[in-house]
Amino acid sequence: RETQVIARTMMGDDLRISPDGTHLAFIEDQNAHVMPLPAVGKALTVSPGFGALKVAQISSDEAYSLHFSSPDTLAWTLGPRLYTMRIDAAFEGDTAPGDGLDLGWSEPLARPEGVAAIIGATLVTMVGEEVIEDGVIVWASDRIIAIGARDTVTVPADADVIDGTGLTVTPGLIDAHAHGPHASGGIVPQQNWQALATLAFGVTTIHDPSNNTEAIFASSEMQKAGLIVTPRVFSTGTILYGAKAPGIFAQVRSLDDALRHLRRRKAVGAISVKSYNQPRRDQRQQVVEASRQVGLNVVPEGGSTLMHNLTMVVDGHTGVEHALPVAKIYDDVIQLWSATGVGYTPTLGVSYGGLMGENYWYAKTDVWAHPKLNAFVPREILDPASRRATIVPDTEYNHINAAAGAAALAEAGVGVQIGAHGQREGLASHWELWMLVQGGMTPHRALMSGTRDGARYLGLDNDLGTLEVGKLADLMVIRGDPLEDIRVSDQVAYTVLGGTVYDADQMNPIWPVASERPPLYFEATAYDTDGTPETGCSCGRGHP
């Protein structure tokens, strides 16, 4: 059937025609607008400043799910609220649809029942330099209730016990800069293989500084309710993009503009906003001031521009995302930065200024053969990057220089946290730890970046980041001693998320109730590590 173009927009999206064909609604600069739709016989290019016809703005902060609920009424949502407005009222200048209709509901947080303990492990608590040999950690439901040396902790008689001999327990890793898929076409999968892989490597919390708003906050709420198995999910949602890109351009001309952008992010569930490519310093400062008033973190990206990075530090952003784009930093930068409370997420796997850290691990290790990746990642996703490595002299890898700068900043008191950028599923978080050690951190200090510092950066340290009584039972249980050899950190035996214990090799829950997760779609065809299909499946579930 022949397609007829009625209208288009250069910077907006979500065009809607009224049922009677007399009006057109569209979203631009995140807000909903409506205008008459004349029968002119050619396509209109519409915008809020159309000029030839009156265009009325009908929303005040942001609009989702724009639609005509009747020929003369428009409806849209923001967070859990549904708003409506009559078209005639919009053209009369009414832009206050009230509080809207609350469509939200409450679900109980998913919490296991019972008491569990790990006995005999080395506990790296991240409380200062504390390391407890032959330790005991006990949790009830989802909170830690006791921790200490074996001879100082009384384990409740009804506790289920895990033998910790030869194991090291740390807080679960917190990936402060984690991109990744959460939904497709508005559908959140019942089982996300990337999320399982991430958990299998002991990453229990992620913060995504750029993702689809509707997808990621749906995933976050479903995780809290126990409807899906994924790390704890926090995010900015869609970025505050300063470059003119359709649908995501966030114009900041004043503090009022910045406040609008911050309010709309908070309304959908964000704990932070990403100030990205806002070109002028005064614009970035307005976003920072708005964040103080609204109560959100601001995690900017300097776009590989050192000038932007340093003014972001001076202006008091929550932190700087991505590596500084220079091979070496000197005392002036270290002294400046350490006098602030601004954090640093260098994302060494994608560091600027040379070959990325991710390439190093493809060249130096058999990534394609890692048993956890083979268990959770489809071969067609894993193989292309991991089997065709780029080989160069070690001096070409700039991530080591970037890691040395991060280590120097951490030594001066700057909070440095890991961010794997959504690279190799779960394993890349461990690469971040290993690269920090390459840059001069001790294994203990690197693990602190992966746990305590990430929690502090995101404002989650009342619940996460250290092993202390009262905090959430999010644990990474490692085979071996990462304080002696950081490269064993990826040998995760158990992941504990909110008290629930998972066998990290297959991500089957084993406490409080043991069960077998459903097979992933690709587990019907298993592959040997050389890429050759095997007969049947190696997952141990007995299906073909």
Side-chain angles (χ1 to χ4, degrees), residues 173-181 194 197-198 201 203 206-211 239 274 276-277 299-306 308-309 319-329 343-370 372-373 377 381-410 416-441 446 449-450 454 486-487 489-490:
L173 291 181
I174 298 173
D175 186 341
H177 190 123
H179 301 302
Q194 187 183 60
T198 302
F201 281 101
V203 181
I206 62 170
H207 173 258
D208 191 326
S210 176
N211 208 304
I239 57 178
K274 184 172 184 177
Y276 190 15
N277 278 343
V299 290
E301 183 172 334
S304 192
T305 305
L306 183 62
H308 278 189
N309 290 139
V320 172
E321 304 292 299
H322 288 286
L324 298 178
V326 290
K328 181 175 175 60
I329 59 172
Y344 183 33
T345 314
T347 61
L348 299 168
V350 293
S351 55
Y352 296 133
L355 281 177
M356 303 188 307
E358 181 178 16
N359 298 110
Y360 179 91
W361 302 107
Y362 290 139
K364 302 293 185 179
T365 63
D366 295 338
V367 175
W368 45 268
H370 199 294
K372 288 192 190 300
L373 294 179
V377 182
I381 302 295
L382 173 60
D383 284 353
S386 63
R387 288 181 179 274
R388 297 290 185 268
T390 300
I391 306 298
V392 299
D394 285 2
T395 53
E396 299 293 319
Y397 291 106
N398 190 56
H399 75 271
I400 298 174
N401 296 322
L409 287 167
V416 174
Q417 51 282 339
I418 66 168
H421 196 257
Q423 305 309 110
R424 196 80 277 158
E425 304 80 1
L427 178 59
S429 294
H430 293 270
W431 290 346
E432 294 293 312
L433 300 175
W434 304 352
M435 289 184 284
L436 288 172
V437 173
Q438 285 182 316
M441 282 192 184
S449 289
I486 193 62
R487 291 283 298 277
S489 69
D490 66 331

(message) I want to know whether His370 and Phe201 have ring centres closer than 6.0 Å.
(response) yes
(request) Starting from the C-alpha separation in whole Å, work towards a yes-or-no answer on side chain to side chain contact (heavy atoms under 4.5 Å, CB included) for Leu173 and Leu433. (result) CA-CA 10 Å; Leu173 291 181; Leu433 300 175; 4.2 Å; yes
(request) Check side-chain contact (heavy atoms from CB on, under 4.5 Å) between Pro384 and all other residues, then give those that pass, not counting sequence neighbours. (result) none
(message) Tell me every residue that passes side-chain contact (heavy atoms from CB on, under 4.5 Å) with Asn359, counting only those two or more places apart in sequence or in another chain.
(response) Leu355, Met356, Tyr397
(request) Taking all non-hydrogen atoms of both residues into account, name the closest pair between Asn309 and Pro325 and its distance. (result) OD1-CD, 3.3 Å
(message) If the condition is side-chain contact (heavy atoms from CB on, under 4.5 Å), which residues does His308 pass it with, not counting sequence neighbours?
(response) Arg284, Thr305, Met312
(message) Just so I know, are the side chains of Tyr352 and Val326 near enough to count as touching, which here means a heavy-atom distance under 4.5 Å?
(response) no
(request) Calculate, to the nearest 0.5 Å, the distance between atoms CE and OG1 belonging to Met435 and Thr347 respectively. (result) 9.0 Å
(request) Calculate, to the nearest 0.5 Å, the distance between atoms CD1 and OG belonging to Ile239 and Ser210 respectively. (result) 4.5 Å
(request) Using a strict 4.0 Å threshold on nitrogen-to-oxygen distance, state whether Arg387 and Asp366 make a salt bridge. (result) no
(request) Only counting residues at least two apart or in another chain, list the ones meeting side-chain contact (heavy atoms from CB on, under 4.5 Å) with Val367. (result) Tyr362, Thr365, Leu373, Leu382, Ser386, Arg424, Leu427, Trp431
(message) Any heavy-atom pair between the side chains of Gln438 and Leu348 that's under 4.5 Å?
(response) no
(message) Quick check: do His207 and Val299 have side-chain heavy atoms less than 4.5 Å from each other?
(response) yes
(message) Set out, in order, the CA-CA distance, both residues' side-chain angles and the distance that settles side chain to side chain contact (heavy atoms under 4.5 Å, CB included) for Asp383 and Arg388, then state yes or no.
(response) CA-CA 8 Å; Asp383 284 353; Arg388 297 290 185 268; over 6 Å; no
(message) Using only atom types and a distance under 3.5 Å, with no angle test, would you say the side chain of Asn398 pairs donor to acceptor with the backbone of Ala327?
(response) no
(message) Side chains of Leu436 and Ile486, heavy atoms from C-beta outward: is any pair under 4.5 Å?
(response) no
(request) Using the side-chain hydrogen bond (donor to acceptor under 3.5 Å, both in side chains) rule, pick out the option among Glu432, Gln417, Glu321 that qualifies with His177. (result) Glu321
(request) Hey, could you give me the CG/OG distance between Asn401 and Ser351, rounded to the nearest 0.5 Å? (result) 9.0 Å
(request) Measure the CD1-OG distance between Ile174 and Ser449 for me, rounded to the nearest 0.5 Å. (result) 11.5 Å
(request) State, to 0.1 Å, how close Ala178 and Pro209 come at their nearest heavy-atom pair, and which atoms those are. (result) N-CD, 3.9 Å
(request) Check Met441 against Ala406 and note the closest heavy-atom contact, atom names and distance. (result) CE-O, 4.2 Å
(request) Test side chain to side chain contact (heavy atoms under 4.5 Å, CB included) on Thr345 and Val416 and set out the steps. (result) CA-CA 6 Å; Thr345 314; Val416 174; over 6 Å; no
(request) Please list, chain by chain and in numerical order, all residues satisfying salt bridge (Lys or Arg N to Asp or Glu O under 4.0 Å) with Lys328, sequence neighbours excluded. (result) none
(request) Keeping to residues at least two apart or across chains, list the salt bridge (charged side-chain N to carboxylate O under 4.0 Å, His left out) pairs with something in residues 347-363. (result) none
(request) Decide yes or no for Thr390 and Val392: does some side-chain heavy atom of the first lie under 4.5 Å from some side-chain heavy atom of the second? (result) yes
(request) For residues Asp175 and Ser429, report the shortest heavy-atom separation together with the two atoms involved. (result) OD2-OG, 3.3 Å
(message) Within the structure provided, determine whether Leu306 and Leu324 are in side-chain contact (heavy-atom separation under 4.5 Å).
(response) yes
(request) For residues Ala446 and Val437, report the shortest heavy-atom separation together with the two atoms involved. (result) CB-CG2, 3.8 Å
(message) Is any side-chain heavy atom of Pro300 closer than 4.5 Å to one of Lys274?
(response) no
(request) Step through it carefully: locate the ring centre of His421, locate the ring centre of His179, and say whether they are under 6.0 Å apart. (result) yes
(message) Are Pro346 and Val320 packed together at the side-chain level, in the sense that at least one heavy-atom pair is separated by less than 4.5 angstrom?
(response) no
